[in-house]
Number of protein chains: 2
Amino acid sequence: MSDKTNKNLKEAGLKATLPRIKILEILQRTSGTEDHFTAEEIYKELVLNNYDVGLATVYRVLTQFENARIVVKHQFESNKSVYELNDPLNHDHMVCVDTGETTEFYDEEIKNKQREIAAKHGYELLDQSIVLYVKKVKK
Amino acid sequence: MSDKTNKNLKEAGLKATLPRIKILEILQRTSGTEDHFTAEEIYKELVLNNYDVGLATVYRVLTQFENARIVVKHQFESNKSVYELNDPLNHDHMVCVDTGETTEFYDEEIKNKQREIAAKHGYELLDQSIVLYVKKVKK
DNA sequence: ATGCTTGCAAACGGTTTGCACGTGT
DNA sequence: ACACGTGCAAACCGTTTGCAAGCAT
């Protein structure tokens, strides 16, 4: 674990410091659980684990991770950002308007259609974001 | 113009006050030009036209318009919101990463696929947002 | 040793709010 | 007349930054 973590950081040109390692571990630990953390949540998690970082450091590290393509930043609610480990597949999200719960999905057909649409307007598709606002169907 | 405007406001349960009328006019005047305004831009436009509103009022009015489904709010850049008149068709946007220019598009096939995907996860699709980040293809 | 990193506190920028005054119906 | 709307300035809150001290290499 630490070996791989250190390598990830090295490759990104970032020194393997404690805050960075701890933050990366939190992100990895919850990877696949469809969890998306705010900087504040990561900060509190660190404090809970008896590791006192500054909130500013969490922001700085997350920004560095974003630039290094280690994490991806989303904005499901308009006033705060959430982060998750980068998924090379680049999945999308649906957010339950009642509970805030997020579900991930991936659809190749939509991606193709998007590239097509961009091309039709003389553009090349660099990146993309879909957010579905949904609610549970009651049976 | 004013007649229709007043009716729109009435229907939303909003008194036809000067700030509201002026803001609605600005939004209508640029409708279809693929322009999306920040609260600040609308505020400055009003001041330019020699009508002094408070920026706070612009925000309040835009929020009321959003609740009344008269306008839609988007977040193309993470730190500021932009507003445009509500389009019943609910079009989507591509944003040029170089110029910030936005282009609107609509694709029924993608919408259908989205409803399908939501349903597959036991959800009903209430709303949706697609943003394509693109750059001009150089010929 | 040296330059990247960190923590703290202060600054920032977009947005919201409290309050006393103004305006539409 | 009365409730609703407005302007102003201050508060808010997530995020960023300057700076002096700390750590990885």
Side-chain angles (χ1 to χ4, degrees), chain A residues 2-3 5-24 26 36-47 49-68 70-83 100, chain B residues 2-3 5-24 26 36-47 49-68 70-83 100:
Chain A
S2 227
D3 265 359
T5 294
N6 285 4
K7 199 181 299 175
N8 285 348
L9 292 174
K10 283 274 175 53
E11 282 170 8
L14 300 169
K15 282 186 187 166
T17 63
L18 251 185
R20 303 217 255 240
I21 294 169
K22 296 262 185 190
I23 291 173
L24 195 44
I26 288 183
H36 302 78
F37 293 112
T38 62
E40 186 104 28
E41 285 167 347
I42 291 174
Y43 167 71
K44 282 185 183 151
E45 178 72 15
L46 288 169
V47 173
N49 294 17
N50 297 308
Y51 183 63
D52 282 294
V53 222
L55 178 53
T57 299
V58 176
Y59 275 107
R60 275 188 289 234
V61 168
L62 287 172
T63 302
Q64 291 158 350
F65 283 5
E66 196 194 0
N67 293 336
I70 295 174
V71 307
V72 177
K73 183 179 173 185
H74 299 285
Q75 228 117 72
F76 299 143
E77 290 158 279
S78 67
N79 52 329
K80 52 175 56 167
S81 300
V82 293
Y83 300 82
Chain B
S2 226
D3 265 2
T5 296
N6 285 4
K7 199 182 296 173
N8 285 348
L9 293 173
K10 284 273 175 54
E11 283 170 9
L14 300 168
K15 281 186 188 165
T17 65
L18 252 185
R20 302 217 256 240
I21 293 170
K22 297 262 185 189
I23 291 173
L24 195 43
I26 287 183
H36 302 77
F37 292 112
T38 62
E40 187 104 26
E41 285 167 346
I42 291 174
Y43 166 71
K44 282 184 182 152
E45 178 72 16
L46 289 170
V47 174
N49 293 18
N50 297 308
Y51 183 62
D52 282 294
V53 221
L55 178 54
T57 299
V58 176
Y59 275 108
R60 274 186 289 233
V61 168
L62 286 172
T63 303
Q64 290 157 350
F65 283 4
E66 195 193 0
N67 293 336
I70 294 174
V71 306
V72 178
K73 184 179 173 184
H74 299 286
Q75 230 116 69
F76 298 142
E77 290 158 278
S78 68
N79 53 327
K80 51 176 56 169
S81 299
V82 293
Y83 300 83

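So you know, we letter chains A, B, ... as the sequences are listed, proteins then strands, and number each from 1.
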Hey, which sits more toward the 5' end of DNA chain C by its nearest nucleotide, A:Pro19 or B:Glu40?
A:Pro19
Which is more 5' along DNA chain C, the nucleotide nearest A:Ala56 or the one nearest A:Thr17? Just name the residue.
A:Thr17
For [X] and [N], give me the distance from atom [atom1] to atom [atom2], rounded to whole Å.
X: B:Tyr43; N: D:dC8; atom1: OH; atom2: P; result: 7 Å
X: A:Gln64; N: C:dT6; atom1: CD; atom2: C1'; result: 11 Å
X: B:Leu55; N: D:dT6; atom1: CG; atom2: C1'; result: 13 Å
X: B:Asp52; N: D:dA9; atom1: CG; atom2: P; result: 13 Å
X: B:Asn79; N: C:dT15; atom1: CG; atom2: P; result: 8 Å
X: B:Leu14; N: D:dA3; atom1: CG; atom2: C1'; result: 14 Å
X: A:Leu9; N: C:dT5; atom1: CG; atom2: P; result: 10 Å
X: A:Ile42; N: D:dG14; atom1: CD1; atom2: P; result: 15 Å

Do you know which two heavy atoms are closest between A:Arg20 and A:Phe65, and how far apart they sit?
O-CZ, 3.7 Å
Closest non-hydrogen atoms of A:Ala16 and A:Leu9, given as atom of the first, atom of the second and distance, are CA-CD1, 4.0 Å
Counting side-chain heavy atoms from C-beta on, which of [options] comes nearest to [X]?
X: B:Arg20; options: D:dC4, C:dT15, C:dT16; result: D:dC4
X: B:Lys15; options: C:dG7, D:dT25, C:dT25; result: C:dT25
X: B:Tyr59; options: D:dG5, D:dT15, C:dT15; result: C:dT15
X: A:Thr57; options: D:dT16, D:dC4, C:dG7; result: C:dG7

Does [X] reach a base, just sugar-phosphate, or nothing at all? Heavy atoms under 4.0 Å.
X: B:Arg60; value: base
X: A:Leu18; value: nothing
X: A:Lys10; value: sugar-phosphate
X: A:Thr38; value: nothing

Looking at side-chain heavy atoms only, is the closest gap between A:Val82 and A:Lys73 below 4.5 Å?
no
Is the shortest side-chain heavy-atom distance between A:Lys15 and A:Lys10 below 4.5 Å?
no
For B:Gln75, the side-chain hydrogen bond (donor to acceptor under 3.5 Å, both in side chains) test, sequence neighbours excluded, returns B:Ser81
Which residue lies more 5' along DNA chain D, comparing B:Gly54 with A:Lys73 via nearest heavy atoms:
B:Gly54
